[in-house]
Student: 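Quick one: this structure, given as structure tokens, is what I'll be asking you about.
The residues of the chain are indexed from 1 along the displayed sequence.
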Amino acid sequence: MAVGEEMLAETSFLATTTSDNYALWSRSMRIGLLGKSKLGFVDGRFPKSKFEPQLHDQWEKVNVVVLSWIMNALRPDLLSSIVYASNTHKVWEDLKERFDKVNGSRVLFLHREIHTLIQSTMSIADYFSKLRDL
């Protein structure tokens, strides 16, 4: 399995990135990128300008690989806004700006779900797992 395919397999279950699951998607991507020593490309620690000119081709290659991992882990309808992007960090920041927002109605819904959660026939482990998820 190629490196890109491996990264895609790790994140494909989150391919429907929305404001509801952005935090989980982002965390999964960050873990995958950290494991591949590529996190600096999305968090801005590895800008092209930090590298010697003779390493710019190598930087471009890695940047494109990380960009392809991100693109393969997004819903197809989100691709049109980033398909021509050339900088992984800018794409990451754009996605963060778009989806990492606190929605007041979502917060109210979660508070209500937590308040009305009952154990009923769930095991204690399942009940606390559900509570923790909320």
Side-chain angles (χ1 to χ4, degrees):
M1 179 181 292
V3 174
E5 292 171 357
E6 185 178 304
M7 182 69 173
L8 177 59
E10 293 170 3
T11 59
S12 63
F13 71 96
L14 296 171
T16 56
T17 307
T18 64
S19 57
D20 292 340
N21 74 348
Y22 172 79
L24 181 59
W25 178 88
S26 174
R27 179 168 165 71
S28 297
M29 286 295 293
R30 291 174 71 84
I31 289 169
L33 291 166
L34 182 61
K36 303 289 184 196
S37 300
K38 306 288 186 268
L39 186 58
F41 282 84
V42 298
D43 68 14
R45 286 181 294 135
F46 299 159
K48 188 176 183 178
S49 60
K50 262 192 165 182
F51 295 89
E52 298 293 325
Q54 62 267 25
L55 295 175
H56 284 187
D57 286 343
Q58 183 67 24
W59 184 93
E60 288 287 349
K61 180 180 175 184
V62 175
N63 182 66
V64 169
V65 168
V66 174
L67 188 57
S68 73
W69 290 341
I70 292 172
M71 292 172 82
N72 282 315
L74 290 176
R75 281 191 331 233
D77 60 323
L78 293 175
L79 290 177
S80 63
S81 64
I82 65 167
V83 73
Y84 297 108
S86 60
N87 185 298
T88 304
H89 177 62
K90 288 180 182 177
V91 168
W92 188 263
E93 290 300 313
D94 177 59
L95 292 170
K96 182 177 180 179
E97 181 182 325
R98 231 189 294 180
F99 295 111
D100 193 22
K101 300 201 185 292
V102 176
N103 181 331
S105 61
R106 178 77 175 144
V107 171
L108 180 63
F109 171 79
L110 290 172
H111 280 279
R112 186 180 304 132
E113 287 289 310
I114 291 168
H115 180 71
T116 59
L117 182 65
I118 57 173
Q119 183 179 351
S120 188
T121 60
M122 287 188 276
S123 70
I124 292 174
D126 288 343
Y127 173 75
F128 280 106
S129 291
K130 174 77 173 170
L131 183 62
R132 184 173 214 148
D133 285 346
L134 291 171

Student: Just to verify, what does Glu97 make a side-chain contact (heavy atoms from CB on, under 4.5 Å) with, not counting sequence neighbours?
Tutor: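 For Glu97 the side-chain contact (heavy atoms from CB on, under 4.5 Å) partners, ignoring immediate neighbours, are Lys101.
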Student: Check step by step if side chain to side chain contact (heavy atoms under 4.5 Å, CB included) holds for Asn63 and Phe46.
Tutor: CA-CA 10 Å; Asn63 182 66; Phe46 299 159; over 6 Å; no
Student: Angle between ring planes, Trp59 versus Phe41, binned at 30° and 60°: parallel, tilted or perpendicular?
Tutor: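 The rings of Trp59 and Phe41 sit tilted, inter-plane angle from 30° to 60°.
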Student: On a heavy-atom basis, which atom in Val91 and which in Ala85 lie closest, and how many Å separate them?
Tutor: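 So the minimum-distance heavy-atom pair works out to CG2-CB, 3.3 Å.
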Student: With rounding to the nearest 0.5 Å, note down the distance linking OG1 in Thr121 to OH in Tyr127.
Tutor: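 So the gap between those two atoms works out to 13.0 Å.
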Student: Are Val42 and Leu79 connected, step by step, through hydrophobic side chains (Ile, Leu, Val, Met, Phe, Trp, Tyr) whose heavy atoms are closer than 4.5 Å?
Tutor: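 Val42 and Leu79: one cluster.
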Student: So Met29 and Leu95, side chain to side chain contact (heavy atoms under 4.5 Å, CB included) or not? Walk me through it.
Tutor: CA-CA 12 Å; Met29 286 295 293; Leu95 292 170; over 6 Å; no
Student: Please list, chain by chain and in numerical order, all residues satisfying side-chain contact (heavy atoms from CB on, under 4.5 Å) with Ile124, sequence neighbours excluded.
Tutor: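 Ile124: side-chain contact (heavy atoms from CB on, under 4.5 Å) contacts with Gln119, Phe128.
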Student: Can you list everything that forms a side-chain contact (heavy atoms from CB on, under 4.5 Å) with Ile114? Sequence neighbours excluded, please.
Tutor: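 For Ile114 the side-chain contact (heavy atoms from CB on, under 4.5 Å) partners, ignoring immediate neighbours, are Leu131, Leu134.
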Student: Identify, with sequence neighbours excluded, every residue that meets side-chain hydrogen bond (donor to acceptor under 3.5 Å, both in side chains) alongside Ser81.
Tutor: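 Ser81 satisfies side-chain hydrogen bond (donor to acceptor under 3.5 Å, both in side chains) with Arg98 only.
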Student: What is the distance from atom CG of Leu67 to atom OG of Ser86, rounded to the nearest 0.5 Å?
Tutor: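 Output value for this atom pair is 8.0 Å.
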Student: Are Phe51 and Val66 connected, step by step, through hydrophobic side chains (Ile, Leu, Val, Met, Phe, Trp, Tyr) whose heavy atoms are closer than 4.5 Å?
Tutor: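 Yes, one cluster joins them.
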Student: Would you please name every residue forming a side-chain contact (heavy atoms from CB on, under 4.5 Å) with Leu34, sequence neighbours left out?
Tutor: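 Counting only residues at least two positions away or on another chain, Leu34 forms a side-chain contact (heavy atoms from CB on, under 4.5 Å) with Leu39.
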Student: Listing request: all ring-ring contact (aromatic ring centres under 6.0 Å, His included) pairs with a residue in residues 77-98, at least two apart in sequence or in separate chains.
Tutor: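 Non-adjacent pairs meeting ring-ring contact (aromatic ring centres under 6.0 Å, His included): Trp25-Trp92.
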Student: Ignoring hydrogens, what is the shortest heavy-atom contact between Ile70 and Thr88? Give both atom names and the distance.
Tutor: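 Heavy-atom minimum between the residues: CD1-CG2, 3.7 Å.
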Student: Measure the shortest side-chain to side-chain distance between Leu78 and Ile82 over non-hydrogen atoms and say whether it is less than 4.5 angstrom.
Tutor: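 Heavy-atom side-chain distance check fails, nothing below 4.5 Å.
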Student: Applying side-chain hydrogen bond (donor to acceptor under 3.5 Å, both in side chains) as the test, list every pair that has at least one member in residues 44-57; sequence neighbours left out.
Tutor: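 Qualifying pairs: Asp43-Arg45, Lys48-Glu60.
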Student: Is any side-chain heavy atom of Tyr22 closer than 4.5 Å to a side-chain heavy atom of Lys96?
Tutor: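 The answer is yes; the side chains approach within 4.5 Å.
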Student: Would you please name every residue forming a side-chain hydrogen bond (donor to acceptor under 3.5 Å, both in side chains) with Lys90, sequence neighbours left out?
Tutor: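 So Lys90 forms no side-chain hydrogen bond (donor to acceptor under 3.5 Å, both in side chains) with any residue.
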Student: Can you list every pair that meets salt bridge (Lys or Arg N to Asp or Glu O under 4.0 Å) and has a residue in residues 120-131, with sequence neighbours left out?
Tutor: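 Pairs touching residues 120-131 that pass the test: none.
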Student: Show every salt bridge (Lys or Arg N to Asp or Glu O under 4.0 Å) that has at least one partner inside residues 76-88, sequence neighbours left out.
Tutor: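 Listed once each, the pairs are Arg75-Asp77.
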Student: Quick one: side-chain hydrogen bond (donor to acceptor under 3.5 Å, both in side chains) partners of Glu113, sequence neighbours excluded?
Tutor: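 For Glu113, no residue satisfies side-chain hydrogen bond (donor to acceptor under 3.5 Å, both in side chains) once neighbours in sequence are set aside.
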